[in-house]
Amino acid sequence: MILQLLAPAVLIGIATSGILLATPYLYAALGEMFGQISGVLNLGVEGIMLVAAFAAYYVVYSSGNLIAGLAVAIVVGALMGLLMAFISITLKAEQGISGIGVYLFGLGLSDLLFRVTIGTPTPVNGFPSLQIPFLSDLPVLGPVLFSQNILVYGAFLFVPFSWFALNKTTIGLKIRAVGQTPEAADSLGISVAGVRYLTVTFGGAMAGIAGASLSIALLNIFQQNLTSGLGFIAVALVYFGGWRPLRIMLGALLFSMVSALQLWIQTLGLGLPSDIAGMLPYVLTIIALIFAARQIVTQPTALTKPFERGE
Amino acid sequence: MIQSVELKNITKRFPGVLANDHINLRVNAGEIVALLGENGAGKSTLMKILYGMYRPDEGEICINDQAVTISSPNDALRQGIGMIHQHFQLVPGFTVVENVALGLKSSRGPLTDLDVVSRRMLELAKQYGLQVDPSAYVWQLAVGQQQRVEIIKALYRNASLLILDEPTAVLTPNEVDEFFNILRRLRENGHALIFISHKLQEVMAISDRVTVLRGGRVVGEVATRDTTKQELAQMMVGRQVITRWEKQAAQETEPILRVQNLTVLGDKNLPAVKNLSLHVCPGEILGIAGVSGNGQRELAEAIAGLRRATTGSITSEGREIANHSPAHIIHSNIAFIPEERMLMGVVREFSVAQNAILETHDQLPYSRYTFFNFSAVNQTAARLVNDFEVKTPSLETPIKVLSGGNIQKLILARELERAPRFLLAAQPTRGVDIGATEYIHRRLIEQRARGTAILLISEDLEEVIALSDRVAVMYEGEIVGVLPPTTPVEELGLYMAGAKRA
Amino acid sequence: APTAQPTAAPAQPTPASAQPTTASGGATKPFRVALLMPSAKNDLSFSQSMYDALVNVQNEMGKDKFEFVYSENMFNVSDAAAAIRDYANKGYDLIIGHGSQYGASLADIAPDFPNQSFAWGTAVDTFESKGIKNIFAYTVASDQGGYVEGVMAAALSKSGTVGYIGPLPVGDGKLTGDGFVAGAKATKPDIKAQTVFVNSFSDVAAASQAAQTQIASGADALAGTSQNMVGAVSVAKDKNVLWFGNDVDQSSLAPNIVVSSQVYDWTLAIKGIMNNIAQGKRGGEVFTLTLENGGLRMVNNPAFKLPDDVKALQDNTIKGIIDGSIKTGVQ
Amino acid sequence: MNRFDPRQYNFILVPLVAGSLALLVGAVIIWLLGANPVEAYIAMLEGAVGSPNAIADSLVKSGPILFVAIGICIAYRGGVINIGGEGQLVMGALGTTAVVLTFRELPSIILIPLALAVGFAAGGFWAAIAGFLKAQFKVNEVLSTVMLNAIAVLFMNYLLHGVLMDPTELDNAIHIPQTERFVLTADLPRLIPTRLHAGILLGVIVAFLVYILLWRTTIGYRIRAVGYNVIASEYAGINVGRYQILAIALSGALAGLGGAVEVLGVNHRLFTDGSATGFTGNAGFNGIVAALFGGLHPLGAIPASFLFGALLTGANSMQRTVQVPSAFVTMLDGLVVIFVVSSQIWAKRRATRRAIAEPLVQDPTATTIQSDITPS
Ligand SMILES: Nc1ncnc2c1ncn2[C@@H]1O[C@H](COP(=O)(O)OP(=O)(O)OP(=O)(O)O)[C@@H](O)[C@H]1O
Ligand SMILES: Nc1ncnc2c1ncn2[C@@H]1O[C@H](COP(=O)(O)OP(=O)(O)OP(=O)(O)O)[C@@H](O)[C@H]1O
Ligand SMILES: [Mg+2]
Ligand SMILES: [Mg+2]
């Protein structure tokens with residue numbers, strides 16, 4: 001059984017679909033990471049992704065303009081992020097629960113809008129794959145790595161970008177400070193709320209791209225609950241990766257590859273019942289969380305704690 | 001550059017409290033003004049107003065005789081006001097230079113310029129004697145060094161007025177001396193300083209003028225050279241305060257607590273207590289002196305059962321308690337006054353009565369078959385509140401509303417109620433004003449007289465000397481000397497700094 | 001136990017419209033139907049197949065003769081039961097619980113409304129054995145369509161591998177898959193026919209990943225059931241792999257690659273039920289859609305150029321299933 | 001000590017206002033959808049409480065919400081956030097189902113309590129996993145419970161098209177993922193001749209028991225101590241890990257009981273739509289909101305859950321009457337959650353102000369008391 005899974009075709013297959021599905025995870029998880037590092041847990045990513053996925057899909061459906069679709073997804077995602085920021089930062093609501101509210105709201109809203117505007121799932125032409133000259137001609141690696149659509153490349157470029165932004169810029173310094181010791185940042189005149197608004201809104205915009213990557217790049221369709229829990233996994237990946245971009249990327253790849261793996265196990269007729277195989281990614285995530293939880297040093301200690309001066 | 005800062009008629013109300021009541025205060029360049037007062041007198045509130053963290057209800061702030069509005073720490077920094085809080089405002093996961101650079105405009109636009117900051121920082125450090133490694137992580141630094149980082153942060157931002165809120169509470173005598181040297185150098189350079197402390201000898205040593213607050217009002221203003229410690233205490237509390245205690249000499253008998261060859265790992269998984277041995281006899285106070293971070297906390301936690309002992313033994317009345325559960329240890333007649341009362345000593349949201357039975361709630365008469373007997377609980381709580389003069393509106397009041405001194409009294413009452421054979425008191429008076437400190441000291445001395453063995457861990461050398469029968473100095477996880485309390489402070493300081501061992 | 005009996009409800013005031021209405025026209029009152037669906041009415045799948053059937057009937061009979069209302073996304077039985085009772089109180093002539101989970105609630109409620117009819121599916125139990133007389137059941141032999149698709153897929157496949165993607169290994173999704181594999185094997189005994197279930201009716205990304213897996217493992221003709229298959233179709237379209245749809249005609253999703261779809265036409269069941277009611281029989285009958293009775297149809301995509309030999313094979317297979325000479329082997 | 005003081009839990013007004021605001025936003029959306037909001041909300045009201053049957057339906061709907069909400073009160077007081085209600089409902093229902101299918105000859109008087117007990121235990125076990133991971137490995141329980149939800153549902157699906165499947169389904173080759181209908185002796189008694197079953201009454205009783213547990217017993221005292229302050233609890237000799245696990249396990253057990261009640265009282269069999277939502281109706285999430293609504297007090301959870309059940313039942317009825325898409329109901333649900341959780345700040349502020357200001361203002365020694373505050 002193991003041997004069959006180690007066949008080159010299978011490994012390449014797993015890698016290919018792993019890289020594709022890692023795309024929405026990367027945008028959503030890295031965006032969420034910024035919010036969490038600054039101290040805000042946004043559990044509403046799933047809802048934001050849904051609304052943005054619909055928005056992008058709708059624009060592309062009605063105009064065919066992919067760039068406009070992506071831009072609208074970003075704006076819509078940012079607005080939803082802003083809503084989440086307002087609830088959790090200004091109104092200091094319990095973040096785990098307000099996230100569920102945003103999720104339900106997004107789930108309902110996206111479906112509602114879809115129903116009143118388009119109604120039935122209709123495919124659109126999404127981002128075409130973009131062959132990178134020369135590199136895409138490489139044997140094996142070429143098709144896997146260098147003939148994807150632009151959003152896939154973008155997702156992987158977002159990884160070093162995030163690392164750089166966090167560790168090499170002044171705003172990165174502020175974000176980390178605000179999530180670890182908001183009082184310290186506050187005493188230096190840094191607006192804790194301001195930084196958090198920024199990161200959560202940015203995270204929303206990224207969740208917007210994540211949604212768009214599904215509806216106008218990977219699946220090229222919209223349907224009720226298109227994301228099916230993807231956003232929640234993205235949130236888990238942030239913990240999994242211990243708030244570090246590279247590890248989050250590894251987590252995203254691992255998760256999406258294990259999802260592919262369990263489908264391969266079925267495809268090859270290896271006799272593991274589909275539901276049991278389907279548990280693999282979740283069980284794996286829990287196991288990984290056990291290890292991630294040990295990395296206390298990087299943990300944003302103020303995560304989920306609203307900041308109040310003088311207490 | 002600030003020539004003078006003047007607070008005029010500042011009033012600040014909190015729900016139910018008049019924290020500042022028409023306060024006037026002036027400080028000039030090249031001058032250190034000390035602010036004195038009991039706990040809750042309004043010192044920190046006044047300073048937070050000056051630093052823009054609170055808005056005053058009335059009154060105004062003048063800098064160089066010009067009225068200014070300071071509505072955020074940012075404004076304060078812009079005006080040249082810096083504040084060093086009692087609880088350091090540092091990001092522990094950052095390096096020193098990152099902490100300094102935080103929030104500054106960078107010379108490289110959106111990118112950090114840590115090299116530039118690091119260079120300028122070292123210049124400043126040299127000028128004022130504030131040596132610290134820019135690339136070290138803050139969590140790795142000793143408290144005294146962290147404080148230097150705080151000062152550097154303020155100076156880097158061109159602060160010419162520095163507010164120092166209880167800066168010495170966590171320093172050793174030697175560190176205090178160094179710290180005062182830094183303050184003097186700042187004063188010579190034309191900085192203005194406001195200094196808050198509960199320790200009168202420090203006020204006498206460093207300040208030029210003293211302002212005393214009581215109940216939110218200014219009750220006295222004197223030049224330091226025209227006053228004495230006794231007079232200041234009188235102003236603050238309204239009576240004389242005892243700082244020296246007469247007590248019977250302790251008997252050397254069979255010890256109650258015996259620690260042998262104990263090794264305990266710290267948070268970073270390195271040995272924090274190394275092969276340490278000590279014993280405490282009935283009717284004796286053993287004081288542990290030492291700079292914080294030398295293993296005192298880990299020692300206390302190991303005795304309390306909160307931290308594993310990797311080797312060695314801890315016995316109480318001959319029975320092994322090392323690596324037993326906290327519950328087991330509590331039931332072996334051992335009591336604790338933990339270091340951080342708000343964090344460890346009480347459940348802030350619980351009422352006074354509920355906190356009074358924190359360890360004994362599952363015992364008769366407070367509960368039977370897991371069901372509470374509320375009248376028994378309230379009876380005991382009422383008696384403790386009464387006996388220990390805990391000022392509280394009611395037994396139902398959430399304890400977080402009480403003052404630190406009163407919370408400390410309740411903890412003391414609760415622990416002594418259990419008639420312990422051994423009491424571990426860690427920092428029992430940290431941040432507590434002199435009135436309450438005197439009260440707590442008296443209770444400890446009384447308990448000693450009843451034959452309880454007491455292990456006193458304190459960074460306040462004065463306190464250790466005043467209460468202990470023997471003083472053990474801890475340095476880097478070891479006891480480097482057990483000395484009589486009559487040992488000169490300077491010599492103790494040498495032991496504490498690791499420069500000398502017995 | 002106190003609850004051994006179905007609720008002894010006080011006789012519900014019988015609504016006016018519960019007077020036997022004739023379905024075949026002539027009467028002044030329209031025939032009124034209420035439909036509860038587990039997902040959305042336009043899910044391109046199970047729910048839509050019933051919704052479309054009602055629209056068909058309405059178009060045929062006219063809005064004045066046939067009225068219907070619906071509740072979507074009613075999978076939750078507690079919600080559905082409330083809705084069923086509400087519709088019954090409002091006097092609908094026929095209340096359809098389009099999902100096998102509604103059976104218990106119908107059996108609970110139906111006896112209180114003896115002058116109205118209820119129907120549910122896919123199921124074969126009308127509760128007549130429990131003395132309930134006003135419940136119909138309906139089901140579908142989707143293995144037949146799956147078989148036809150398997151035959152065609154095998155015939156069209158160049159790689160020698162075909163695949164089926166299902167939601168859960170249950171219900172009509174499983175039947176179709178079993179039929180598909182049987183049909184493919186019957187056509188080319190050495191063909192590889194692989195099935196994958198994605199454990200969800202709604203996870204589009206998972207369906208798309210499953211299609212990628214199938215294609216990467218060599219499949220060049222795929223079939224699938226459930227609303228999330230739009231994700232699989234999208235991948236198939238990208239990779240130019242043939243697709244066979246189920247439940248409804250899916251040609252519109254990808255005109256270039258959709259070969260054929262197995263369409264459930266519940267019109268047959270609806271009309272059968274209405275006829276029964278017109279004759280005064282309010283329940284007790286089971287309707288099964290088959291290729292034979294026309295409730296199941298293979299709808300070929302006009303835009304796809306189906307080779308003549310495959311078309312002939314399709315026709316023969318359908319004929320064989322209808323006359324019983326071909327058995328799907330499923331059951 | 002902390003007896004029940006309605007004033008202290010006067011959290012009801014604020015969420016009520018918040019809920020109304022959410023409905024107001026909903027009205028605008030209905031209007032945008034081209035329907036008449038007034039008509040819609042009248043239909044909603046009628047559907048929720050317009051007739052004995054409607055009231056019964058609302059109460060039945062609130063059943064699992066109530067059980068989850070009571071459980072959330074315990075978890076929350078113990079400082080654990082349990083997002084795993086969905087999975088725990090599923091596991092509870094599974095446990096109950098297994099009992100009913102195995103011991104079908106037992107008389108009701110034994111079968112029902114046994115089935116409920118196993119559902120309770122199964123939900124508790126499932127939640128305890130998250131508790132254990134938190135206590136032992138510091139795994140964030142928000143995430144582990146979300147993962148455990150997914151696993152529970154897959155597990156249920158696995159059993160439902162395997163060993164638990166109705167044998168007649170196997171014969172029919174249709175393979176509908178459901179069990180056979182339970183024996184009639186396993187049906188929970190009806191309270192009045194509607195769908196209202198005794199499970200709802202059980203929920204109310206359990207709420208009272210949990211109230212007593214939390215505020216009258218040492219177990220509750222420890223759970224709350226741990227919830228407020230882990231370090232102080234440890235110092236006081238409380239085994240923090242054990243009580244964290246206990247809090248979330250009890251919380252999950254109650255959710256499990258909710259699942260048990262739902263299958264025994266409403267569905268009379270177990271089935272799946274491939275997700276949990278279909279069977280639970282999102283009760284695992286709505287229960288959290290209802291708990292907040294009720295001020296995280298088990299007695300507050302009772303009216304809060306009923307309100308929620310009525311809201312959802314009414315919204316469905318509104319869907320039928322004015323034919324707005326069902327997605328609207330989901331969205332309205334989200335809006336209510338958002339508004340209610342956002343309004344907590346006002347409820348909290350009022351409570352704090354009372355706790356700090358009131359006793360001190362009344363007490364003549366107020367100023368002296370405050371005058372020697374030392375924070376640590
Ligand atoms: N944010 C606040 N809200 C309400 N009351 C407050 C607040 N901050 C301080 N107080 C109250 O104001 C009074 C003055 O407190 P303040 O902290 O200024 O005293 P302090 O002199 O600094 O005491 P200490 O010596 O203990 O540091 C106290 O009664 C305190 O309880
Ligand atoms: N929001 C609040 N409501 C009620 N009381 C408060 C509040 N904030 C603080 N207090 C009380 O006021 C006291 C002083 O609080 P504060 O934050 O000023 O600490 P501080 O000790 O004076 O500052 P520092 O330790 O830096 O000198 C605390 O003991 C606390 O009980
Ligand atoms: Mg102070
Ligand atoms: Mg203080």
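Throughout, a chain's letter reflects where its sequence line sits, starting with A, and its residues are numbered from 1. Since the model is a prediction, treat every value here as computed from it, not as a measurement. Just the heavy atoms: all of them, side chains too, but no hydrogens, waters or symmetry mates, feed the values below.
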Discussion item. If we define contacts as heavy-atom pairs under 4.5 Å, which of C/Q214, C/Q227, C/K192 has the most with chain A?
Written reply: C/Q227

Worksheet item: For A/S256, does its backbone N or O pair with a side-chain atom of C/Q209 as donor and acceptor, under 3.5 Å?
Response: yes

Discussion item. If I compare all heavy atoms of C/D203 with all of A/S228, which pair ends up nearest, and what's the gap?
Written reply: CA-OG, 3.0 Å

Worksheet item: Hey, which of C/V196, C/I215, C/I165 has the most heavy atom pairs under 4.5 Å with chain A?
Response: C/V196

Worksheet item: When you look at OH of A/Y58, are more than 12 heavy atoms from neighbouring residues, nucleotides or ligands closer to it than 6.0 Å?
Response: no

Item to complete: Sort C/Q250 into side chain, backbone, both or neither according to what part of it lies under 4.5 angstrom from a heavy atom of chain A.
Response: neither

Discussion item. Only pairs of heavy atoms separated by less than 4.5 Å count here; which of A/A9, A/G269, A/S259, A/G13 has the most with chain C?
Written reply: A/S259

Item to complete: For chain A, find which of C/S217, C/G163, C/G231, C/S208 contributes the most heavy-atom pairs closer than 4.5 angstrom.
Response: C/S217

Practice prompt. Counting only heavy atoms closer than 4.5 Å, note whether A/L21 contacts chain C via side chain, backbone, both or neither.
Written response: side chain

Response to the item:
In short, A/P123 meets C/S252 closest at the heavy-atom pair CD-O, 4.2 Å

Fill in: A/I150 atom CD1, over 12 foreign heavy atoms within 6.0 Å
no

Discussion item. So for atom CG, which belongs to A/N65, do other residues, nucleotides or ligands contribute more than 12 heavy atoms lying within a distance under 6.0 Å?
Written reply: yes

Worksheet entry | A/Q266 side chain to C/F197 backbone, donor-acceptor under 3.5 Å | yes

Worksheet item: Checking heavy atoms, do the side chain of A/L218, its backbone, both or neither come under 4.5 Å from chain C?
Response: backbone

Practice prompt. Check step by step if side-chain contact (heavy atoms from CB on, under 4.5 Å) holds for C/Q48 and A/T120.
Written response: CA-CA 10 Å; C/Q48 179 168 354; A/T120 201; 4.2 Å; yes

Discussion item. Counting only non-hydrogen atoms closer than 4.5 Å, does C/T213 touch chain A with its backbone (N, CA, C, O), its side chain (CB onward), both, or neither?
Written reply: both

Item to complete: Output the distance between atom CG (A/N225) and atom OG (C/S39), rounded to the nearest 0.5 Å.
Response: 12.0 Å

Worksheet item: Among A/P273, A/S274, A/G229, who wins on heavy-atom pairs under 4.5 Å with chain C?
Response: A/S274

Fill in: Separation of C/S200 OG from A/D275 CG (nearest 0.5 Å)
11.5 Å

Worksheet item: With C/V204, which of A/T227, A/L219, A/L230 fulfils side-chain contact (heavy atoms from CB on, under 4.5 Å)?
Response: A/L219

Worksheet item: Which atoms form the tightest heavy-atom contact between A/G119 and C/N42, and what is the distance?
Response: O-ND2, 2.7 Å

Worksheet item: Which bit of C/A206 comes within less than 4.5 Å of chain A, counting heavy atoms only: side chain, backbone, both or neither?
Response: backbone

Discussion item. Distance check, rounded to the nearest 0.5 Å: A/I221 atom CD1 versus C/M229 atom CE?
Written reply: 12.5 Å

Item to complete: I would like to know whether A/Q224 and C/N73 meet side-chain contact (heavy atoms from CB on, under 4.5 Å); could you show each step before the answer?
Response: CA-CA 11 Å; A/Q224 173 190 19; C/N73 289 327; 3.1 Å; yes

